[in-house]
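Working notes, beginning with the structure itself.
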2 protein chains.
Amino acid sequence: MDAATQARMEARARILKALAHPTRLFMVDELAKQERCVAELTEMVGADMSTISKHLSQLKAVGLLEDEKRGTQVFYRLARPCVLNFFSCLEAVMQENLQQQIFLVRPGA
Amino acid sequence: MDAATQARMEARARILKALAHPTRLFMVDELAKQERCVAELTEMVGADMSTISKHLSQLKAVGLLEDEKRGTQVFYRLARPCVLNFFSCLEAVMQENLQQQIFLVRPGA
DNA sequence: TGGCTTCATGGCCATATTGCCAAATAGGCA
DNA sequence: TGCCTATTTGGCAATATGGCCATGAAGCCA
């Protein structure tokens, strides 16, 4: 793997890593529907606000989210809706995995 | 976030996590072109074979790869080509990020 | 059987990630 | 100015991840 390829794969990995967390995936899903402030997301997820703030920072750092300060609140929104396309593929993989499980559990049926 | 949503997000995160590594992304890319045995991938990546084997196991564990043993070799292939659709979105995000960088570096220009 | 090749696994250490609390910062308002 | 609210940041402990080496397991062949 040459250096340029390595660099490109690292850049891709950074974005995927930012997505690869249950809480962050949930927030991306919600922000696809409408923008939300940190307090709202904190309430929806049910975690410490500092935790949510850090998760949002990660998504913003890789360019997936945008934020806008309005008064004392900060509203986040989905900056790259194309990531939503991932989810249908993920669901398909999950579905296939379920089927495979069945075959593994009942091989001779 | 209710329990069912939590579980679904965790399942999605597991798959994305398996993808979110430079070496694993590279191998997915290569396996999209043609199946490869472990030795070939080891050579292409330039890492220890045990490391490559573990990376492949992770991708297989989440259902993205299939393997087939032929003689003493094990050939891996991409089981879910839909993940390739991710990459164009990732490239777009990377491209956008580059542009933003320029604006950030030269805000008044 | 013995030896060789290919691959997987276990162990270990270094590093990264997560999530909480506490403290700092920023904005609005009396 | 001083206080209150919303958010971010620093610090820390627990846990997970990554990569190498050494070892184990499986298949082929003489």
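Just so it is clear, the values below take in all heavy atoms, side chains as well, and ignore hydrogens, waters and symmetry mates. This structure is a prediction, so every number in the text was calculated from the model and none was measured. So that the names make sense, note that chain A is the first sequence line, chain B the second, and so on, each numbered from 1.
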Of the candidates D/dG18, C/dG28, D/dT9, the side chain of A/Ser50 sits closest to D/dT9

Whole-Å distance, A/Leu65 CG to D/dT7 P, equals 15 Å

Whole-Å distance, B/Asp67 CG to C/dA8 C1', equals 11 Å

(request) Using a 4.0 Å heavy-atom cut-off across all strands, classify B/Thr23 as base, sugar-phosphate, or nothing. (result) nothing

ask   = What do you reckon, is CD of B/Glu43 surrounded by more than 12 foreign heavy atoms closer than 6.0 Å?
value = no

note: B/Phe75, atom CZ; C/dT5, atom C1'; distance rounded to Å ~ 13 Å

Whole-Å distance, B/Met49 CE to C/dC4 P, equals 17 Å

Rounded to whole Å, CD1 of A/Ile52 lies from C1' of C/dG19 at a distance of 10 Å

message = Is the shortest side-chain heavy-atom distance between A/Leu78 and A/Val83 below 4.5 Å?
response = yes

Spell out, as yes or no, whether a donor-acceptor pair under 3.5 Å connects the side chain of A/Arg36 to the backbone of A/Thr42. no

Quick note, A/Thr72 side chain, CB onward, closest among D/dA6, D/dC28, C/dC21 is D/dA6

ask   = Hey, does the side chain of B/Gln58 come within less than 4.0 Å of D/dT17's phosphate (OP1/OP2), counting only N and O?
value = no

- request: Would you please confirm or rule out a distance under 4.0 Å between OP1 or OP2 of D/dG10 and any side-chain N or O of A/Lys54?
  value: no

A/Arg80 (side chain) donor-acceptor with B/Cys89 (main chain) under 3.5 angstrom:
no

note: B/Asp48, atom CG; C/dC12, atom C1'; distance rounded to Å ~ 14 Å

### Message
What's A/Arg24 touching, base or sugar-phosphate or nothing? Going by heavy atoms closer than 4.0 Å.
### Response
sugar-phosphate

Out of D/dG18, D/dC20, C/dC7, minimum distance to the side chain of B/Ser53 belongs to C/dC7

What is the nucleic acid contact for A/Lys69, judged by heavy atoms within less than 4.0 Å: base, sugar-phosphate only, or nothing?
-> sugar-phosphate

Expected list for residues 35-45 of chain A near DNA chain D, using heavy atoms below 4.0 Å, is A/Cys37, A/Val38, A/Ala39

Quiz item: Would you say A/Glu40's side chain and A/Cys37's backbone share a donor-acceptor pair under 3.5 angstrom?
Solution: yes

Examine A/Leu25 and A/Met44 and state if one hydrophobic cluster contains both, with Ile, Leu, Val, Met, Phe, Trp and Tyr joined whenever side-chain heavy atoms are less than 4.5 Å apart. yes

Here the distance between atom P of C/dT18 and atom CZ of A/Phe26, to the nearest Å, is 18 Å

So, OP1 or OP2 of D/dA6: does either fall under 4.0 Å of a side-chain N or O from A/Tyr76? no

- prompt: When you check the gap from the basic side-chain N to the acidic O, do A/Arg12 and B/Asp29 get nearer than 4.0 Å?
  reply: yes

Do B/Leu84 and B/Val62 sit in one hydrophobic cluster, given that two such residues count as connected whenever their side-chain heavy atoms are within less than 4.5 Å of each other, even indirectly? yes

Sorted by position of nearest nucleotide on DNA chain C, 5' first, the leading residue of A/Arg70 and A/Lys17 is A/Lys17

Does a side-chain N or O of A/His55 approach OP1 or OP2 of C/dT17 to a distance below 4.0 Å, or not?
no

B/His21 atom NE2 is separated from C/dT17 atom P, nearest whole Å, by 11 Å

